[in-house]
Structures are given as structure tokens and as C-alpha cells.
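FYI, the numbering just counts along the sequence from 1. Quick caveat: nothing in here was measured; it's all calculated off a predicted structure.
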Amino acid sequence: MNLLGIKGENIAVKYLKASGFDIIERNYRTPFGEADIIGRENGVVVFVEVKSRSSDAFGQPFEAVDYRKREKLKKIAIYYLKQNKNDMPARFDVISILSSNGKDEINHIREAF
């Protein structure tokens with residue numbers, strides 16, 4: 001992972017904790033790929049995909065969460081829930097971070113898909 005990605009995930013974790021989330025896992029690896037953050041909010045397991053960019057020249061960071069990525073995250077979620085025998089409701093959020101000129105613009109999209 002590159003430095004911008006690591007910085008973005010750290011910003012996202014800090015933001016989520018400040019918003020009342022419990023962080024369960026970071027960089028959770030499965031045979032299907034990796035979930036950036038798995039958290040819990042009000043009895044719901046939340047799978048959070050973090051996308052960071054230093055400019056919007058190629059679009060907003062959240063636009064990189066395409067169909068393929070969403071399908072992969074669904075498989076990761078099913079794997080996690082089965083492995084942990086967890087029957088709590090689940091949802092998918094995206095945190096989009098645009099870092100430029102020393103400022104971090106955070107866009108939290110709840111129930112993104």
C-alpha cells in the first residue's frame with residue numbers, strides 16, 4: 001500500500017472513532033481480497049472501503065469503487081460473517097478522502113451499496 005493509502009486509512013479510522021464507531025478489524029485479509037476497515041455502529045457490522053487521492057483530476061476518490069470492487073467486498077463480507085459466526089446486520093460504507101494543500105476533505109457515504 002502506498003503512503004497516501006496508509007494516511008487515508010488512518011484518517012478514516014480517526015474519523016470513524018470520533019463518529020462513534022468501534023473498529024473491529026483493519027486490513028482484514030481473505031482469499032477474496034482485503035477489507036480496509038470493519039467496524040460496528042449501533043449493532044450493525046460496517047465494511048468500510050477507503051479511497052484517497054491527492055487531487056480530483058481523475059474524479060472523486062469514491063468513483064473508484066466500481067462494480068468489480070463492490071462484488072469483491074460482498075464476498076469478503078460474507079466470508080467474515082461466516083468465519084466469525086456473526087448474524088448482525090451488515091452494510092457497506094465508502095470513505096472518500098481528497099488530500100490537497102494540507103487539507104483533508106472527508107466524504108463518508110453510508111450504505112454506499
Side-chain angles (χ1 to χ4, degrees):
M1 179 183 291
N2 64 31
L3 289 176
L4 183 61
I6 293 168
K7 178 185 173 198
E9 285 187 16
N10 289 336
I11 290 167
V13 165
K14 185 177 176 182
Y15 165 83
L16 289 168
K17 285 181 177 180
S19 299
F21 278 70
D22 293 319
I23 304 301
I24 300 169
E25 300 273 354
R26 283 186 71 172
N27 306 113
Y28 178 75
R29 295 183 193 281
T30 75
F32 307 105
E34 182 180 296
D36 294 334
I37 300 169
I38 302 173
R40 184 174 30 246
E41 181 188 43
N42 301 323
V44 177
V45 176
V46 184
F47 295 86
V48 182
E49 178 67 14
V50 180
K51 290 295 179 189
S52 305
R53 291 204 176 141
S54 57
S55 90
D56 61 359
F58 297 103
Q60 291 294 316
F62 65 83
E63 293 175 312
V65 184
D66 59 10
Y67 175 80
R68 259 187 41 232
K69 184 66 174 178
R70 290 190 303 268
E71 290 302 305
K72 187 166 142 181
L73 287 168
K74 289 176 190 176
K75 289 178 184 173
I76 293 167
I78 291 167
Y79 183 89
Y80 173 84
L81 294 169
K82 283 184 179 178
Q83 289 294 110
N84 291 282
K85 296 176 178 42
N86 191 324
D87 61 355
M88 292 173 70
R91 74 170 199 246
F92 298 91
D93 289 9
V94 174
I95 294 187
S96 177
I97 301 171
L98 193 56
S99 297
S100 62
N101 301 324
K103 280 177 48 177
D104 301 313
E105 180 184 319
I106 302 169
N107 183 5
H108 182 185
I109 304 166
R110 294 171 183 271
E111 298 181 35
F113 55 94

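- Side-chain contact check for N86 and R40: no donor-acceptor pair (N or O, by modelled atom type) lies under 3.5 Å.
- Closest non-hydrogen pair, V94 versus A112, comes out as CG2-CB, 3.6 Å.
- Between A12 and I97, the closest heavy-atom pair is N-CD1, 4.1 Å.
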Expected list for residues 45-55: side-chain donor-acceptor pairs under 3.5 angstrom, two or more places apart:
{"residue": "E49", "atom": "OE2", "partner": "K51", "partner atom": "NZ", "Å": "3.4"}
{"residue": "R53", "atom": "NH1", "partner": "F58", "partner atom": "O", "Å": "3.3"}
{"residue": "R53", "atom": "NH1", "partner": "G59", "partner atom": "O", "Å": "3.0"}
{"residue": "R53", "atom": "NH1", "partner": "Q60", "partner atom": "O", "Å": "3.3"}
{"residue": "S55", "atom": "OG", "partner": "A57", "partner atom": "N", "Å": "3.2"}

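- F113 and F32 fall within a single hydrophobic cluster, where Ile, Leu, Val, Met, Phe, Trp and Tyr are joined by side-chain heavy atoms under 4.5 Å apart, directly or via other members.
- A heavy-atom distance below 4.5 Å is not found between the side chains of E9 and V13.
- To the nearest 0.5 Å, the span separating CD on E25 from CG on N27 amounts to 9.5 Å.
- Placement of I38 and I78 in two distinct hydrophobic clusters is found when ILVMFWY residues are connected by side-chain heavy-atom separations under 4.5 Å, directly or transitively.
- The side-chain hydrogen bond (donor to acceptor under 3.5 Å, both in side chains) check on R68 picks up nothing, with sequence neighbours excluded.
- Under the 4.5 Å side-chain heavy-atom criterion for grouping Ile, Leu, Val, Met, Phe, Trp and Tyr, Y28 is connected to L81 within one hydrophobic cluster.
- Listed by chain and number, the residues in a side-chain hydrogen bond (donor to acceptor under 3.5 Å, both in side chains) with R91 are E41, D93 (sequence neighbours excluded).
- Note on Y15: it does not cluster hydrophobically with L98, by side-chain heavy-atom contacts below 4.5 Å among ILVMFWY residues.
- Once rounded to the nearest 0.5 Å, the distance linking CD1 of I109 with OG of S96 reads 6.0 Å.
- Remark: E71 CD to D66 CG distance equals 10.0 Å, nearest 0.5 Å.
- Contact of the N107 side chain with the I95 side chain is not registered, since no non-hydrogen atoms from C-beta on lie closer than 4.5 Å.
- A distance of 11.0 Å separates NZ in K17 from NZ in K14, rounded to the nearest 0.5 Å.
- Connection of M88 to F92 is established within a shared hydrophobic cluster, with ILVMFWY side chains joined at heavy-atom distances below 4.5 Å, either directly or through further cluster members.
- In plain terms, the two heavy atoms of L73 and E34 that are nearest each other are CD2-O, 4.4 Å.
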D104 and K7: CA distance, side-chain angles, deciding distance, salt bridge (charged side-chain N to carboxylate O under 4.0 Å, His left out) verdict: CA-CA 10 Å; D104 301 313; K7 178 185 173 198; 3.4 Å; yes
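- Minimum interatomic distance between F21 and H108 (heavy atoms only, all atoms of both residues): CZ-CE1, 3.9 Å.
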